[in-house]
Q: 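The structure follows.
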There are 2 protein chains.
Amino acid sequence: MIVTDEDFKVIDSAIEDVRKSGTKIRKTFAAYNESEGYDIAWEVSAAVEAFSSFSSRWSIEILSTLYIAGDRRFNEMRKLLTGISSRTLSDKLTHCAELGLVNRIVDEGPPIRVRYQLTEHGRNAGRLLSPLVAYMKIQKGRVVKEK
Amino acid sequence: MIVTDEDFKVIDSAIEDVRKSGTKIRKTFAAYNESEGYDIAWEVSAAVEAFSSFSSRWSIEILSTLYIAGDRRFNEMRKLLTGISSRTLSDKLTHCAELGLVNRIVDEGPPIRVRYQLTEHGRNAGRLLSPLVAYMKIQKGRVVKEK
DNA sequence: GCAAAGTGTAATTTATACACTAGATAGTTT
DNA sequence: AAACTATCTAGTGTATAAATTACACTTTGC
């Protein structure tokens with residue numbers, strides 16, 4: 001057995017997430033259409049920026065990792081995103097924070113620790129990305145198991 | 001009215017696509033698990049490569065555009081992917097073809113025309129990406145309408 | 001002395017700008 | 001009818017700019 005039941009669970013839950021998110025996104029949009037005053041300026045600009053930033057290296061892995069694994073610290077991210085340099089991770093996390101996709105949370109210590117968390121908008125993106133990532137993770141998993 | 005019913009239809013059909021693809025992917029994996037001899041070497045390596053290539057600029061837009069719009073010619077792609085240079089588009093399409101995500105089909109003329117088409121593997125990726133793209137398209141659409 | 005969360009700097013890789021090509025089609029002028 | 005001009009298609013070549021990596025280094029706390 002190469003693809004496990006565990007793998008199927010991952011993809012199933014990802015698909016279920018997408019189904020749920022459809023309803024939620026429709027509700028959000030409906031609310032937006034009805035209330036003219038609802039301030040979504042930042043949200044909109046973040047989304048547009050995000051669409052471009054998705055196209056650059058690592059952004060997808062960062063968002064989907066935070067979505068799947070939950071809040072993570074800097075060095076934890078480095079381990080999960082195999083191959084990223086600390087310089088690039090630092091830059092990308094700053095960029096995602098500027099776009100409003102990710103919150104940088106300092107847990108006052110001691111010891112002081114920094115935690116990265118998806119915002120509402122980041123979770124939307126992560127949720128929609130997750131089926132792709134689940135599929136790719138399984139493909140990756142296959143190769144590792146075969147070696 | 002800023003978000004139209006048309007927008008909702010796009011996202012609904014994207015979500016429906018994902019739901020369907022779940023069943024299909026499970027079947028593919030089940031078949032793979034049962035038949036030890038099934039040669040998926042190229043498919044697997046393409047997937048792993050693809051996972052990296054998704055992380056690079058434009059790949060997502062290329063795959064999702066071909067998935068949503070169907071087969072397209074070189075200059076059609078250029079119009080759909082606003083902002084891409086012809087040099088980069090050429091390189092990216094070649095790369096995607098090497099990875100087995102895209103087929104380059106020459107329609108013997110006259111006039112001779114070149115068409116790009118997703119492979120089975122490219123369609124899997126495109127299908128899983130489509131909800132994200134639908135969401136982002138709507139976000140983009142909002143901004144355009146507000147201007 | 002090690003972990004955490006980075007920064008600085010140089011080298012490499014990737015993408016863009018922009019000019020250009022070659023073959024075909026289409027219209028228009030001599 | 002032949003030549004002239006213009007445009008479309010699918011790119012390539014080259015220089016520049018931007019993004020990423022490698023690798024050394026820092027600071028604070030245990």
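Every chain is numbered from 1, with letters handed out A, B, ... down the list of sequences. What you are looking at is a predicted structure, and each value in this text was computed from that prediction instead of being measured.
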Q: Between D/dG29, D/dA10, D/dT12, which one does the side chain of A/Pro111 approach most closely?
A: D/dG29
Q: Which whole-number value in Å describes the distance from A/Lys79 NZ to C/dA5 P?
A: 9 Å
Q: The side chain of A/Asn75 is closest to which nucleotide in this list: C/dT7, C/dA4, D/dT12?
A: C/dA4
Q: Is the shortest side-chain N/O distance from B/Arg73 to OP1 or OP2 of D/dA10 below 4.0 Å?
A: yes
Q: When you measure from the side-chain N and O atoms of A/Lys92 to the phosphate of D/dA19, is any distance below 4.0 Å, counting only OP1 and OP2?
A: no
Q: Roughly, in whole Å, what's the span from CE in A/Met77 to C1' in C/dA4?
A: 15 Å
Q: Round to the nearest Å and state the distance from B/Ile112 atom CD1 to D/dG11 atom C1'.
A: 14 Å
Q: Is B/Trp58 close enough to D/dA19 that one of its side-chain N or O atoms is under 4.0 Å from OP1 or OP2 there?
A: no
Q: Roughly, in whole Å, what's the span from CZ in A/Arg72 to C1' in C/dG6?
A: 19 Å
Q: Rounded to whole Å, how long is the line connecting atom CG of A/Leu89 with atom P of D/dA22?
A: 14 Å
Q: When all nucleic acid strands are considered with a 4.0 Å heavy-atom cut-off, which category describes B/Arg87: base, sugar-phosphate, or nothing?
A: base
Q: May I ask you to verify if any side-chain N or O of B/Ser86 is less than 4.0 angstrom from the OP1 or OP2 atom of D/dT12?
A: no
Q: Do B/Thr88 side-chain atoms and B/Ile84 backbone N/O form a donor-acceptor pair below 3.5 Å?
A: no
Q: Looking only at side-chain N and O atoms, does B/Tyr116 come under 4.0 Å of OP1 or OP2 in D/dG11?
A: yes
Q: Would you say D/dG11 has OP1 or OP2 under 4.0 Å from some side-chain N or O of B/Arg104?
A: yes
Q: So B/Arg104 and B/Leu93, do their side chains get closer than 4.5 Å, heavy atoms only?
A: no
Q: What is the distance from CG of A/Leu93 to P of C/dG6, rounded to the nearest Å?
A: 8 Å
Q: Measure from CZ on B/Arg113 to C1' on D/dT7 and round the result to the nearest Å.
A: 12 Å
Q: Do the side chains of A/Phe74 and A/Val114 get nearer than 4.5 Å, heavy atoms only?
A: no
Q: Applying side-chain contact (heavy atoms from CB on, under 4.5 Å) between B/Arg123 and each of B/Leu66, B/Leu63, B/Leu118, B/Leu101, report the one that passes.
A: B/Leu118
Q: State whether B/Arg57 places a side-chain N or O below 4.0 Å from either non-bridging phosphate oxygen (OP1 or OP2) of C/dT16.
A: yes
Q: Can you tell me if A/Ser85 touches the phosphate of D/dA22, counting only side-chain N or O atoms and a distance under 4.0 Å to OP1 or OP2?
A: no
Q: Using only atom types and a distance under 3.5 Å, with no angle test, would you say the side chain of A/Arg113 pairs donor to acceptor with the backbone of A/Asp107?
A: no
Q: Roughly, in whole Å, what's the span from CD1 in B/Ile84 to P in D/dA10?
A: 15 Å
